[in-house]
Amino acid sequence: MKNSKDYDLLLSERKKIVSRLLTIIIFSYFSFISVIAFNPNFFGQLIANTFYSIGIVFGFLLILLIFIVTLFYVYLANKTLEPLIKNIHKQFK
Amino acid sequence: MQIESSTNTTAIIMFTAFVVLTLMITYWASNKSKTASGFYTAGGNISGLQNGLAISGDFMSAASFLGISGLVFLTGFDGLIYSIGFLVGWPIILLLIAEPLRNLGKYTFADVASFRLKQKPIRTLASLGSLFTVILYLIAQMVGAGKLIELLFGLSYASAVMIVGSLMILYVTFGGMLATTWVQIIKAILLLSGATVIALLVLAQFDFSFNDFFAKAVDSHPKLDAILAPGGLISDPISAISLGLALMFGTAGLPHILMRFFTVKDAVEARKSVVYATGFIGYFYILTFIIGFGAIVLVLNDPQYLQPDGKTLIGNNNMAAIHLSHAVGGDLLLGFISAVAFATILAVVSGLTLAGASAISHDLYSNALGKSVTEEKEMRISKYATVALGLLAIFLGIIFEKQNVAFMVGLAFAIAASTNFPILLLSIYWKNLTTKGAIIGGTAGLITAIILVVIGPVVWVDILKNSSPLFPYKYPALFSMLITFIGIWVFSITDKSKQAQKEKLLFKNQYFRSQTGVGIEKGSSH
C-alpha cells in the first residue's frame with residue numbers, strides 16, 4: 001500500500017534537510033557549552049576597544065542562528081516537502 | 001517600602017481589567033468547550049500565529065521573566081546560558097517532534113506513544129511522567145506567585161495563592177483550551193510589550209549604544225568586567241553537558257507545550273507555530289538580558305530599591321525587573337509590569353492545569369483503566385480533575401511557602417527529558433521499540449532523575465542540611481537519559497513476545513501517517 005515514489009522521495013528529502021539542520025544546531029550549541037566548560041576565559045575576552053565580550057557576541061549570534069534555522073526549515077519544507085505530501089494525499093485519499 | 005503603596009492603584013486597576021476581560025473570554029469559550037475536542041484542543045482551529053504566541057506565553061512564565069533577568073542582574077553573562085538552553089529546545093521540537101506529533105495524536109502526547117504500543121501501560125507511564133512534570137512546575141509557579149503578589153499587592157501569601165488557584169480553576173473548567181489559549185495570547189502580548197518598553201527606556205539613556213551601556217554596567221557592578229564572562233554557574237564539563245541536555249530535550253517533553261500542537265489544524269500550521277514561538281521567545285530572552293543589565297546600571301546602586309543594609313534588593317534578586325520598571329517608567333510602568341507579572345502566573349498555571357487534567361481524564365481514566373467511557377463522562381472527569389489539581393496546587397503552594405522550590409523546575413525538565421521525550425521520540429522513529437522496552441526504560445529514567453536530584457547538592461545538602469551530597473552533580477539529565485535510552489534499547493531488542501512482533505509490524509503504517517498526515521482528523525468545524 002505504501003509503495004509510492006513520492007513517499008520515498010519525501011523520506012529521503014526530509015532526512016537530508018532534518019539531519020543537516022539538526023547537526024548545525026547540536027554542533028553550535030554544544031560548542032558554546034563546551035567553551036563555557038573548558039575555556040571560559042576565551043568568552044571573557046573583550047573585542048578590541050569595546051565592552052563587547054566574545055561570549056556575549058556569540059550568545060546573541062546563537063539566538064539569531066536558532067531562529068534562522070527554524071525559519072529556513074519552514075522555507076525548505078514548504079518548497080520541497082509540501083508538494084510531495086500533497087501528491088501523496090491525492091494518491092491515498 | 002515604596003512598592004506596596006504606589007503600585008496598589010495602577011496595578012490593581014490594570015489587573016482587574018485583565019481578569020474581567022479574561023473571564024469574559026472564558027464565558028464566550030464555555031459554549032465551544034462542551035465537546036472533548038473543544039475542551040482539550042479548542043476544536044483544532046487555532047492558527048499558527050495564535051498558537052505561536054500561546055506557546056511563547058507558556059514559556060515566558062513569571063519564573064523566566066523575573067528569574068532570568070534576576071540571574072543576569074546577579075551574574076551577567078551566566079543568565080544567557082539558561083536563555084539559550086531554553087531556546088535551543090525549539091528547533092529540536094520543530095525538526096523531530098511537531099509534525100509527527102500533530103499527525104499521530106489527538107489530545108495528549110500519550111496518544112502518539114500508544115499509537116502502536118499497548119494502551120494501558122504506556123498511557124499510565126506517560127500520564128505519570130506528565131503529572132510529575134506538571135505538579136513540580138505548578139508548585140514552583142504557585143510559590144513564586146504567592147511571594148510576588150504578597151510583595152507587589154500587599155496581599156497575604158495564602159490569599160494570593162488562593163486567588164491564583166481559583167481563577168485558574170474557573171478558566172480551565174469553563175473555558176477549556178480555548179479560554180486558556182486566549183488568556184495566554186493576551187498575556188504574551190502584554191508581557192512582550194511591557195518588556196520592550198523597559199528595554200527601550202533603558203537603552204535610550206545610552207543613546208542606544210550597547211557599548212556605552214555595557215561600559216556603564218561594568219562600572220556599576222562589584223564584579224566589574226567579570227559580568228561579561230562565564231562565571232560559576234557551570235564549572236565542570238559533566239554539569240555543562242547534563243544541564244545542556246536537560247534544557248535542550250526537556251522542552252520537547254513538557255506536556256503543556258506538547259498539547260498545544262493539537263490545537264492547530266495540521267502539520268503545516270504546527271510548523272508555523274514553532275517558528276513564531278521561537279522568534280517571540282528569542283526576542284524575549286534578548287529583552288531579559290537587556291533588562292538584567294539595565295538593573296545593574298539603574299537599580300543596583302540606588303538606595304530606594306535596596307534593603308537597609310544597602311547590598312540586597314528589596315524582595316530578592318528576582319525583583320530586579322520590577323524595580324527597573326519603576327526606575328525607568330515611574331509608578332505607571334511599575335503598576336503595569338506588576339499586573340502583567342500577575343497575569344503571567346495565571347496564564348501559565350492554567351496551561352499546566354489543563355495539561356494535567358487531560359493526562360488524568362484522557363490517559364489515565366478513560367484509556368488506562370480500560371473502561372468504556374463516553375465522551376460526556378470523560379469531560380466530566382476532566383473537570384473534576386481540574387478542580388482537584390487546582391485545590392492540590394493551592395494546598396502545595398501553601399505548604400511549600402518557606403521551601404526553596406527553585407530546584408523543582410530543573411527536576412521537571414530532567415523528568416521531561418528522561419521519560420516523556422525518549423518515549424515520544426522513539427515511538428515515532430524507532431521501529432523496534434516495544435511496550436516492554438518503553439515501560440522499563442521510561443520508568444528507570446523517571447526514578448533515576450528523581451533519586452539523583454534528591455541525593456544531589458541541591459536537595460541533600462542545601463535543603464536536607466547534610467554535609468556532602470551522595471551524587472556530586474546538580475543536574476541529573478546526562479545519567480538519567482542514558483539509563484532511559486539504554487533500558488529502552490536493551491528491553492526492546494530482547495523482547496521476542498508476540499505483542500512485540502505485532503508492534504514492529506504496525507510501525508510501517510504509523511510512520512507513513514506520521515510523515516504524510518494521511519488519515520488525520522482535522523479541525524472539528526466540519
Side-chain angles (χ1 to χ4, degrees), chain A residues 1-2 4 6-7 10-11 14 17-19 21-22 24-26 28-30 32-46 49-56 58-60 62-75 77-78 81-82 84-85 88-89 91-93, chain B residues 76-78 80-81 83-85 87-88 90-92 94-96 99 210-218 225-231 233-241 243-244 248 267-268 271-272 274-279 281-283 285-286 289 508-509 511-512 515-519:
Chain A
M1 165 202 174
K2 283 9 176 196
S4 142
D6 286 325
Y7 183 53
L10 172 70
L11 294 189
R14 190 185 309 258
I17 296 172
V18 168
S19 58
L21 295 180
L22 212 54
I24 294 175
I25 288 293
I26 291 180
S28 38
Y29 177 58
F30 280 98
F32 182 77
I33 288 288
S34 304
V35 174
I36 292 166
F38 292 106
N39 192 3
N41 294 333
F42 172 72
F43 270 178
Q45 290 170 37
L46 299 181
N49 302 320
T50 67
F51 281 88
Y52 300 122
S53 69
I54 293 181
I56 289 179
F58 271 92
F60 275 74
L62 192 49
I63 292 180
L64 200 64
L65 175 79
I66 292 170
F67 178 62
I68 290 172
V69 164
T70 61
L71 205 61
F72 192 53
Y73 171 71
V74 169
Y75 167 76
N78 287 341
L81 306 183
E82 227 26 71
L84 293 169
I85 293 175
I88 296 168
H89 272 260
Q91 232 177 316
F92 291 98
K93 251 293 137 72
Chain B
F77 178 85
D78 280 358
L80 200 57
I81 303 175
S83 307
I84 290 175
L87 193 64
V88 80
W90 288 100
I92 304 292
L94 176 64
L95 295 169
L96 295 175
E99 295 167 54
F210 273 92
N211 196 43
D212 295 353
F213 176 46
F214 287 143
K216 179 75 182 164
V218 166
D225 62 358
I227 58 171
L228 304 174
L233 182 69
I234 297 180
S235 41
D236 67 292
I238 303 269
S239 299
I241 294 169
L243 175 67
M248 190 171 201
V268 178
R271 219 183 267 151
K272 266 197 234 160
V274 183
V275 178
Y276 285 121
T278 313
I281 297 169
Y283 171 66
Y285 285 142
I286 292 173
F289 193 72
K508 209 176 162 197
N509 282 329
Y511 199 64
F512 178 75
Q515 293 294 310
T516 61
V518 170

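As the structure is a computational prediction, the values presented were derived from the model and not from experiment. Numbered from 1 within each chain, the chains take letters A, B, ... in sequence-line order.
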J.: Name the member of G76(B), G244(B), A229(B) that forms the most heavy-atom pairs with chain A at distances under 4.5 Å.
T.: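 Maximum pair count with chain A is reached by G244(B).
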J.: Which bit of F43(A) comes within less than 4.5 Å of chain B, counting heavy atoms only: side chain, backbone, both or neither?
T.: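 F43(A) touches chain B through backbone and side-chain heavy atoms alike.
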J.: Do V268(B) and V74(A) have side chains that approach each other closer than 4.5 Å (heavy atoms only, starting at C-beta)?
T.: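 The answer is no, as the side chains (C-beta and beyond) never meet within the 4.5 Å cut-off.
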J.: Could you tell me the separation between the CG atom of L243(B) and the CD1 atom of I33(A), rounded to the nearest 0.5 Å?
T.: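 One finds 6.5 Å between CG of L243(B) and CD1 of I33(A).
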J.: Do you know the tightest heavy-atom contact between P230(B) and I36(A)?
T.: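 Heavy atoms of P230(B) and I36(A) come nearest at CB-CG2, 4.0 Å.
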J.: Of the backbone (N, CA, C, O) and the side chain (C-beta and beyond), which part of I85(A) lies under 4.5 Å from a heavy atom of chain B, both, or neither?
T.: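 Looking at I85(A), just its side chain touches chain B.
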J.: Within this structure, what is the OG1-CG distance for the pair T70(A) and L95(B), rounded to the nearest 0.5 Å?
T.: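 Answer for the OG1-CG pair, T70(A) versus L95(B), is 9.0 Å.
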J.: If I compare all heavy atoms of H89(A) with all of G517(B), which pair ends up nearest, and what's the gap?
T.: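 H89(A) and G517(B) have their closest heavy atoms at CE1-O, 3.5 Å.
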J.: Answer with side chain, backbone, both or neither: which region of L96(B) has an atom nearer than 4.5 Å to a non-hydrogen atom of chain A?
T.: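 When you check distances to chain A, only side chain atoms of L96(B) fall under 4.5 Å.
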J.: Counting only heavy atoms closer than 4.5 Å, note whether L46(A) contacts chain B via side chain, backbone, both or neither.
T.: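 Only the side chain of L46(A) comes within 4.5 Å of chain B.
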J.: So which part of Y52(A) gets closer than 4.5 Å to some heavy atom of chain B, the side chain, the backbone, both or neither?
T.: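 The answer is both parts of Y52(A).
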J.: Among D225(B), D212(B), V218(B), I286(B), which has the most heavy-atom pairs under 4.5 Å with chain A?
T.: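 Looking at each option in turn, the highest pair count goes to I286(B).
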J.: Against chain B, label Q45(A) side chain, backbone, both or neither, depending on which of its atoms sit under 4.5 Å from a heavy atom there.
T.: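 The answer is neither part of Q45(A).
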J.: Among G85(B), A226(B), A215(B), A267(B), who wins on heavy-atom pairs under 4.5 Å with chain A?
T.: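 Option with the top pair count is A215(B).
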J.: What is the minimum heavy-atom distance between P237(B) and A37(A), and which atoms define it?
T.: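 Heavy atoms of P237(B) and A37(A) come nearest at CA-CB, 3.8 Å.
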J.: Where is the tightest heavy-atom contact between L80(B) and G55(A), given as atom of each residue plus distance?
T.: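 In this case the closest contact between L80(B) and G55(A) is CD2-O, 4.5 Å.
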J.: Any side-chain heavy-atom pair from Y511(B) and L11(A) closer than 4.5 angstrom?
T.: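 Yes, side chains in contact.
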J.: Can you tell me if R14(A) uses its side chain to pair, donor with acceptor, with the backbone of Q515(B) under 3.5 Å?
T.: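 Looks like yes, one N/O pair under 3.5 Å.
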J.: Find out whether T50(A) and F214(B) are in side-chain contact, i.e. whether some heavy atom of one side chain is under 4.5 Å from a heavy atom of the other.
T.: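 No, side chains not in contact.
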J.: Is L22(A) in contact with chain B via its backbone, its side chain, both, or neither, using a 4.5 Å heavy-atom distance?
T.: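 Both the backbone and the side chain of L22(A) come within 4.5 Å of chain B.
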J.: So with a 6.0 Å cut-off around CZ of F60(A), is the heavy-atom count from everything else above 12?
T.: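 Check passes, neighbour count above 12.
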J.: Using non-hydrogen atoms and a 4.5 Å limit, figure out which bit of F213(B) sits close to chain A: side chain, backbone, both or neither.
T.: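 Neither part; nothing is under 4.5 Å.
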J.: With a 4.5 angstrom heavy-atom cut-off, could you sort out which part of F210(B) is near chain A: side chain, backbone, both or neither?
T.: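 Contact with chain A: backbone and side chain both.
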J.: Restricting to non-hydrogen atoms, name the atom on I25(A) and the atom on P91(B) that form the minimum distance, rounded to 0.1 Å.
T.: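 Answer, listing the atom of I25(A) first, then P91(B): CD1-CG, 3.8 Å.
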J.: Can you confirm whether V274(B) sits close enough to Y73(A) that some side-chain heavy atom of one is under 4.5 Å from a side-chain heavy atom of the other?
T.: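 No - every pair of side-chain heavy atoms lies 4.5 Å or more apart.
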J.: What part of I63(A) gets closer than 4.5 Å to chain B, counting heavy atoms only: side chain, backbone, both or neither?
T.: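 The answer is both parts of I63(A).
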J.: Using the benzene-type ring in the case of Trp, are the ring centres of Y7(A) and F512(B) under 6.0 Å apart?
T.: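 Y7(A) vs F512(B): aromatic centres under 6.0 Å.
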J.: Would you give the length of the straight line joining atom CD1 of I88(A) to atom OG1 of T516(B), rounded to the nearest 0.5 angstrom?
T.: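 Going from the CD1 atom of I88(A) to the OG1 atom of T516(B) covers 6.0 Å.
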J.: Would you name the heavy atoms of F67(A) and V275(B) that are closest together and state the gap between them?
T.: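 Taking every non-hydrogen atom into account, CE1-O, 3.5 Å.
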J.: Do N78(A) and R271(B) have side-chain heavy atoms sitting under 4.5 Å apart?
T.: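 Sidechains of R271(B) and N78(A): in contact.
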J.: Sort F32(A) into side chain, backbone, both or neither according to what part of it lies under 4.5 angstrom from a heavy atom of chain B.
T.: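 The side chain, not the backbone.
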J.: Hey, could you give me the OH/CG distance between Y283(B) and L64(A), rounded to the nearest 0.5 Å?
T.: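 Taking OH in Y283(B) and CG in L64(A), the distance rounds to 14.0 Å.
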